[in-house]
Student: 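Below is the structure I would like to discuss, written out as structure tokens.
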Amino acid sequence: MRKIHVFDTTLRDGEQSPGVHLTTDEKVKIALQLEKLGVDRIEAGFPASSPGEIVSVREVSRVVKNASIAALSRANQKDIEAAREALKGAATPCLHIVLATSPIHRKYKLNMTKEQVLEAAESSIRYGKKYFNEIEFSCEDASRTEIEFLYEIVRMAIRAGATVVNLPDTVGYASPETFGRMFKQIKENVTGIEKILLSTHCHNDLGMATANTLAAIYNGVDQIEGTINGIGERAGNTAIEEVALALETRSDVYQAKTSLVLKEIYATSRMVSKMTGMMVQRNKAIVGDHAFSHESGIHQDGMLKEPTTYEIIRPDTIGIASSTLVLGKHSGRHALKEKIKSMGFDLSKDELTAVFHEFKNLVDKKKYVVDEDIRALVDQQMVHDTEGFSLTDISIAYPNQQAEVSVTLEDNNHNVYDATVQGNGAIDALFQAIDQALDTSFALEDYTIRSNTAGKDALGEVYVVLEKDGKEVQGRGIDTDIIKASAQAYIKAINRYYENREKQSVGSSDYSFTI
């Protein structure tokens, strides 16, 4: 089997999803889980975008030892120096230089000729080679670039010292047939192509990111780039878990496989979902809630007789526990610890104590606690709560049949903020009351409720997306009381907004980059 290298850009391209802002602590936790998953290279960020990003990339570089760490850079010395500073502690650092090559980007974005693009690319690769053994060069918008120019720029990148050359479908324009043919032509017409890893990075604007990536593999690509759950700019990136399971399940077609530890896929997916605040589509391939669910009577009958009639992937392949052990109020710390361990989580003593405390609170509210309840409590503990305002009291009344909500909040200095507001329903009144108490105003862009488990006493999970001054932020709350969960989500989003604003006020820039 041919080895396919996995380049994960969840922490860079994935974080560019609207409303997603990961703290350094969250980036480190996700990076350690990606290391556990077995990815070959982690793109930790874009250091030139802000001082805070340099810190985050440096911390990821410090703790991750079994995966290469990459940092993104534009084709200029200033960006390369920022990446160099951020990657100082990495065991195997990689500089990732990107420059657009397509006619539309050359004309409208860069205002550069082909010759100028070649010169800038070569200069940056040679400069980076002074400090880095591993250099990846990406031809942004390669799928809309003239094939003869691609031959020329790939040959130049190899001569200049690049160890990886990436040809992305930056805007999701390609089709599997044309994209696969591009790589076949590159392999056949570029001398020295065997000296480097040929890579691809696809976006999902037309829903073909996974198909295009597999077409590239079929035509000789050595490395694939993507994100967990397919998150990223616009419609997102290639979902790494989809490619990995496609190669595993259809090895007869592709004759290639990754080195991922497949049993870590589900745990990784859940962590990324919770920390980014981006819910996984329920019928999402591989990691969606319904990926291994069967409702049709005919399907159920087939499954009972032989699982492979309707399941081409076993749930335990990706780490979904088949156990449905029910825990209740008489369960102790040891039982909870073993249950958490069996679900693939490794908690510190303090984290376990916090989860056990929340577990005891939960069993007072519902009769039985099932796997998804436990997973939700662990996820909640692993998500970094931005310091700021917290909810201390909430009450609801219905005078004259109209919802009236009173809230009391407290900040880190124990200052108290309160307000009482009547609104068009409890949630409307709640959010207005929080805004009034904090003397602010946010636009509610999205409000989503989901149940973690079945039953009237299920844990409710609330996601909100707020907008203010053109900036989107997300928040998440979880509780058996959906009103309380809504308040938690709204307040966490507000905390993130003010934390991000504070970071920007100390000199960070609002950069994003897509390849």
Student: Return yes if a side-chain donor-acceptor contact under 3.5 Å exists between Gln33 and Glu35, otherwise no.
Tutor: no
Student: Should Arg12 and Glu225 count as an ion pair when the cut-off is N to O under 4.0 Å?
Tutor: no
Student: If the threshold is 4.0 Å, N to carboxylate O, is there a salt bridge linking Arg496 and Glu499?
Tutor: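 No, this pair does not count.
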Student: Please report the C-alpha distance between Phe7 and His201 in whole Å, then the side-chain angles of each, then the deciding distance to 0.1 Å, and finally whether the ring pair (Phe, Tyr, Trp, His ring centres under 6.0 Å) criterion is met.
Tutor: CA-CA 9 Å; Phe7 177 112; His201 175 128; 7.5 Å; no
Student: Answer yes or no: is there an ion pair linking Lys341 with Asp346, defined by an N-O contact shorter than 4.0 Å?
Tutor: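 The answer is no: the pair does not qualify as a salt bridge.
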Student: List the atom pairs, donor and acceptor, that lie under 3.5 Å between side-chain atoms in residues 416-425 and the rest of the protein, sequence neighbours left out.
Tutor:
{"from": "Tyr417", "atom 1": "OH", "to": "Asp411", "atom 2": "OD2", "distance (Å)": "2.7"}
{"from": "Thr420", "atom 1": "OG1", "to": "Ser406", "atom 2": "OG", "distance (Å)": "2.8"}
{"from": "Gln422", "atom 1": "NE2", "to": "Glu404", "atom 2": "OE1", "distance (Å)": "3.1"}

Student: Is a side-chain N or O of Thr317 found less than 3.5 angstrom from the main chain of Ile313, in a donor-acceptor match?
Tutor: no
Student: Going by the angle between their ring planes, with limits at 30° and 60°, are Tyr490 and Phe442 parallel, tilted or perpendicular?
Tutor: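 The arrangement is perpendicular - the two ring planes meet at more than 60°.
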Student: Contact between Arg476 and Val462 at the side-chain level, heavy atoms closer than 4.5 Å - yes or no?
Tutor: no
Student: Quick test of your reading: applying side-chain hydrogen bond (donor to acceptor under 3.5 Å, both in side chains), list the pairs with at least one residue in residues 389-399, sequence neighbours left out, ordered by first then second residue.
Tutor: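 Pairs touching residues 389-399 that pass the test: none.
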Student: Under a 3.5 Å cutoff, is there a donor and acceptor pairing between the side chains of Tyr447 and Ser486?
Tutor: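 Yes, Ser486 and Tyr447 have a side-chain donor paired with an acceptor closer than 3.5 Å.
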Student: For Asp141 and Tyr173, does a side-chain donor sit closer than 3.5 Å to a side-chain acceptor?
Tutor: no
Student: Can you name the residues that form a side chain to side chain donor-acceptor pair (under 3.5 Å) with Thr200, not counting sequence neighbours?
Tutor: none
Student: Are the side chain of Asn76 and the backbone of Ile80 linked by a donor-acceptor contact shorter than 3.5 Å?
Tutor: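 Pair absent, no side-chain N/O of Asn76 close to backbone of Ile80.
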Student: Is a salt bridge present between Arg314 and Asp316, judged by a nitrogen-to-oxygen distance below 4.0 Å?
Tutor: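 Result for this pair is yes, salt bridge flagged.
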Student: Would you please say whether a donor-acceptor pair under 3.5 Å links the side chains of Thr24 and Ser56?
Tutor: yes
Student: For Lys109 and Glu140: C-alpha separation, side-chain torsions, deciding distance, then whether salt bridge (charged side-chain N to carboxylate O under 4.0 Å, His left out) applies.
Tutor: CA-CA 12 Å; Lys109 189 176 83 170; Glu140 184 184 3; 2.7 Å; yes
Student: Does anything in residues 425-449 form a salt bridge (Lys or Arg N to Asp or Glu O under 4.0 Å)? List the pairs, not counting sequence neighbours.
Tutor: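 The answer is none; no pair qualifies.
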Student: Could you verify whether a donor N or O on one side chain and an acceptor N or O on the other, from Asp8 and Thr10, lie under 3.5 Å apart?
Tutor: yes
Student: Can you name the residues that form a side chain to side chain donor-acceptor pair (under 3.5 Å) with Ser68, not counting sequence neighbours?
Tutor: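 Residues passing side chain to side chain donor-acceptor pair (under 3.5 Å) with Ser68: Arg41.
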Student: Does the side chain of Ser273 reach to within under 4.5 Å of the side chain of Met278, using non-hydrogen atoms?
Tutor: no
Student: I need the full list of salt bridge (Lys or Arg N to Asp or Glu O under 4.0 Å) pairs touching residues 50-60, with sequence neighbours left out, sorted by first then second residue.
Tutor: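 Found Lys27-Glu53, Arg58-Glu85, Glu59-Arg62.
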Student: Side chains of Ser73 and His96 only: does a donor on one sit below 3.5 Å from an acceptor on the other?
Tutor: no
Student: Apply side-chain hydrogen bond (donor to acceptor under 3.5 Å, both in side chains) to Thr210 and Thr238, showing your working.
Tutor: CA-CA 5 Å; Thr210 295; Thr238 301; 5.5 Å; no
